[in-house]
Amino acid sequence: ILRHIIYKNTVTEHTVVSLSKIYRIKIHFFQIVNAADSSFLVELETCTLLFDWYTGDLPEVDRSKPLYVFNSHHHGDHYSPEIFRLGMEDTWYILGNCIRLSAKRKAAYAIDEDHVFRLGGGRTLELHGLHIETLTSTDSGVAFLIEVEGKTIYHAGDLHWWHWDLEPDSWNSWVEEQFKRYTAPLRDRQLDLAFLLLDPRQQHAADWGFRYLLDTARIRRAFPMHQWGDYSATGSFLARCPQYTPKVVPVSWEGQRWT
C-alpha cells in the first residue's frame, strides 16, 4: 500500500525454468513464472497469461500461442509500460483502470487500442474463451479471476488484508471490512492456482489475508508473493501453520527451480 511501500486438475508435476528474476513452474498443463515478487507467467495448452510484470528481462514466451498480459494497477512494483514491448500481434492487455495511457505513450509503444482493455473492480470480460472477472482492490486497481481451459486462476494484485500498527484502529478495521467484502466472490470457489500476498513488512499481520483466503476459498495451490525478497516469510508461516503445507508452494529465492 503506497504509504508504506518503498519501491525497490490436481497438481502433481512441477518444473521451473528460470528467466532473469522469473520463476517458471510447470504443473500439468500449467507453466508458471514469478517475475520478482508479484509477477507470474502461466502457460497453458492454448494460451499464455502474464501477470503484473514490472522488472527484469521480458519473459520469453511461446509466440505460437496468444498472450494475455494482466497488470492489476499502476504501482511501480506491479506495472511498467515496458510491458508493451511484447507487441500487439496475438497479444492482449488487460489493465486495472488506474493505469493511464497517454497519447505520447501509445505512440511510443505503437499501442493498438483494440488490444487493450482497462477494467475497474466488479467487471466481467469475455475474451477469446477466457472468462475474466475483476475484484476491487483494498489498495489500487483490481485483482484478477480467470477461468480458462476448465481451470480457475486468481491473482490478487494488491487486494489484501492490509494492517499496519502505525495506522489508527479505525483505518485497520475499515480495511479488514473491505478486504472481506471484496474477496466474498472467492468464498467456497475452487481456485486451481492462487497468487496471494504474504508481505513480511506487516510483521505479526503478514499472514492474515493469506490465511483467510486459504480457509475460505478451495485453493489447490497457493503461491506467496509480495515478499520483497524476504522469502523466510513462507517458512515462518508454514512453521506456525503446518496444516497449509499441502497447498502452499514456497518461493525461496529468485530463479528457484521446482521439479
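Since the structure is predicted, the reported quantities are computational estimates derived from the model, not experimental observations. These values consider heavy atoms only, across backbone and side chains, with no hydrogens, waters or symmetry-generated copies.
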Please check if the side chain of [X] supplies one atom and the backbone of [Y] the other of a donor-acceptor pair under 3.5 Å.
X: Asn172; Y: Trp164; answer: yes
X: Thr183; Y: Leu186; answer: no
X: Thr134; Y: Arg123; answer: yes
X: Lys247; Y: Arg218; answer: no

With sequence neighbours left out, write down each residue that passes salt bridge (Lys or Arg N to Asp or Glu O under 4.0 Å) with [X], or none if nothing qualifies.
X: Glu177; value: none
X: Arg189; value: Glu133, Glu147
X: Arg100; value: none

Can [Y] be reached from [X] by stepping across I, L, V, M, F, W or Y side chains whose heavy atoms are under 4.5 Å apart?
X: Ile219; Y: Val251; result: no
X: Leu101; Y: Leu50; result: yes
X: Ile83; Y: Val61; result: yes
X: Leu135; Y: Val175; result: no
X: Phe84; Y: Leu41; result: yes

I'd like a table of donor-acceptor pairs (distance under 3.5 Å, sequence neighbours excluded) in which one partner is a side-chain atom from residues 202-213, with atom names and distances.
| from | atom 1 | to | atom 2 | distance (Å) |
| --- | --- | --- | --- | --- |
| Gln202 | OE1 | His160 | NE2 | 2.6 |
| Gln202 | NE2 | Trp161 | O | 3.1 |
| Gln202 | NE2 | His163 | O | 3.4 |
| His204 | NE2 | Asp165 | OD1 | 2.9 |
| His204 | NE2 | Asp165 | OD2 | 3.1 |
| Asp207 | OD1 | Arg211 | NH2 | 3.3 |
| Asp207 | OD2 | Arg240 | NH2 | 2.3 |
| Trp208 | NE1 | His204 | O | 3.3 |
| Tyr212 | OH | Arg187 | NH2 | 3.2 |

Near-ring test Phe144/Tyr154, centroid separation under 6.0 angstrom: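 Centroid separation for Tyr154 and Phe144: 6.0 Å or greater.
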Beyond-backbone contact of [X] with [Y], side-chain heavy atoms, under 4.5 angstrom:
X: Val142; Y: His73; value: no
X: Val148; Y: Cys47; value: yes
X: Asp62; Y: Glu43; value: yes
X: Trp174; Y: Thr138; value: no
X: Val42; Y: Phe51; value: yes
X: Trp162; Y: Leu197; value: yes
X: Glu149; Y: Glu45; value: yes
X: Val248; Y: Leu214; value: yes

Distance (rounded to the nearest 0.5 Å) between His131 NE2 and Ile146 CD1: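 That separation rounds to 10.5 Å.
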Inter-residue atom distance Asp139.CG - Ser72.OG, 0.5 Å rounding: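 The distance works out to 9.0 Å.
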Partners meeting side chain to side chain contact (heavy atoms under 4.5 Å, CB included) with Pro168 (sequence neighbours left out):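 Pro168: side chain to side chain contact (heavy atoms under 4.5 Å, CB included) contacts with Ser170, Trp171.
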Tell me whether the count of non-hydrogen atoms from other residues, nucleotides or ligands lying under 6.0 Å of [atom1] in [X] goes above 12.
X: Arg63; atom1: CZ; result: yes
X: Gln243; atom1: CD; result: yes
X: Asp169; atom1: CG; result: no

Run the side-chain donor-acceptor check on residues 112-119: report pairs under 3.5 Å with partners two or more places apart or on a different chain.
| from | atom 1 | to | atom 2 | distance (Å) |
| --- | --- | --- | --- | --- |
| Asp112 | OD1 | Asp114 | N | 2.9 |
| Glu113 | OE2 | Lys106 | NZ | 3.0 |
| His115 | ND1 | Met88 | O | 3.0 |
| His115 | ND1 | Thr91 | O | 2.7 |
| Arg118 | NE | Ile99 | O | 2.8 |
| Arg118 | NH2 | Asn97 | O | 2.5 |
| Arg118 | NH2 | Ile99 | O | 3.4 |

Do [X] and [Y] have side-chain N/O donor and acceptor atoms under 3.5 Å apart?
X: His75; Y: Tyr54; result: no
X: Gln190; Y: Thr152; result: no
X: Ser39; Y: Asp52; result: no

Which atom of Pro200 lies closest to which atom of Ala233, heavy atoms considered: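 Minimum heavy-atom contact is CB-CB, 4.1 Å.
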Distance-minimising heavy-atom pair for His74 and Ser140: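 Closest approach of His74 to Ser140, heavy atoms only: CE1-OG, 3.8 Å.
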Parallel, tilted or perpendicular, as decided by the 30° and 60° cut-offs, for the rings of His155 and Phe40: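 The arrangement is perpendicular - the two ring planes meet at more than 60°.
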Ring pair (Phe, Tyr, Trp, His ring centres under 6.0 Å) between Phe237 and Tyr244, intermediate numbers included: CA-CA 9 Å; Phe237 169 70; Tyr244 297 111; 5.5 Å; yes
